[in-house]
Amino acid sequence: MRATIYLVFATLCYFAFFAVFLYFVGFLAGLPFMPGHIDKGPVASPGVAILIDLALVAMFGIQHSVMARKPFKQALTRVVPQPLERSVYVLASSLVLLAVMLLWHPLPGVVWQIEAQGLRMTVWGIFVFGISMVFLSTWLIDHFELFGLSQPWREMRRKPAQPPRFRTPLFYRFVRHPLYLGFLIALWAAPTMSAGHVLFAFGMTAYIFIGARLEERDLAGQFGETYRQYQREVGFLVHGAGRRG
Ligand SMILES: C[S@@+](CC[C@H](N)C(=O)[O-])C[C@H]1O[C@@H](n2cnc3c(N)ncnc32)[C@H](O)[C@@H]1O
């Protein structure tokens, strides 16, 4: 019964994540039918809007970075059952991302606008490619493990917890962070780029670089020489660039 409740909770967290992820795609794309998006939302003077938006991005970065670290996970499992630790992280991340999007204050002003229809469509194609790369990368690592469903499923089937596995399929043979690369592509591939969109893209780009460095420190600790060898052979975000000697 307890294991079933865990699985139900984890499934709810998973669908919450999925809904927020879809909303994020629409937010970033500025879909006009959305109640709010990167260029539509609460109005404030530019100075106030910038401060609020920077605080939101910082909140996202801090929550992600702190909750993903081992000491926090260990502390969390003192109050949350081990099989639900990942689901709680997924739920917290989804809620924080939702808050960022709902509280986001658009900034007026266009930084660039592509006029040619063909070129606009090409940039939209690149955006879709970036989002697809994010989604596909989750499956390459282990989608259900990453989003906290495998853990309670194993508990229900009375299987032992599995240690993390290091994987390098497909994209991971060319760059160490394809999922983050997909995000970066989607953040910057905009046919019309507003000042607010640039602020969001800059903030998230900074977080991605910091987050990836922290993640690599953990991965090197977990997988030792195997990961350090991978760092020497495979580029950081671009094939052949950012290898660590
Ligand atoms: C949101 S994913 C991002 C993965 C990677 N940074 C990327 O951009 O593709 C973060 C999780 O993936 C795990 N991870 C990163 N690289 C991995 C690899 N090559 N094999 C298995 N797990 C990996 C990390 O330990 C972390 O739990």
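Start at 1 with the first residue, then count along the sequence. Atoms within a ligand are numbered from 1 in the order they appear, just like the ligands themselves.
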Salt bridge (charged side-chain N to carboxylate O under 4.0 Å, His left out): pairs with one or both residues in residues 9-37, sequence neighbours excluded: none
W153: ring pair (Phe, Tyr, Trp, His ring centres under 6.0 Å) partners, not counting sequence neighbours: none
R167 side chain reached by L140 side chain, heavy atoms, under 4.5 Å: no
Q117 side chain to R120 side chain, donor-acceptor N/O pair below 3.5 angstrom: no
Shell of residues surrounding ligand 1, defined by a 4.0 angstrom heavy-atom cut-off that is strict: I141, L146, R165, F166, R167, Y172, H177, P178, L179, Y180, E215, L219
salt_bridge(E215, R176) N-O dist < 4.0 Å: no
For S94, all residues meeting side chain to side chain donor-acceptor pair (under 3.5 Å), sequence neighbours excluded: none
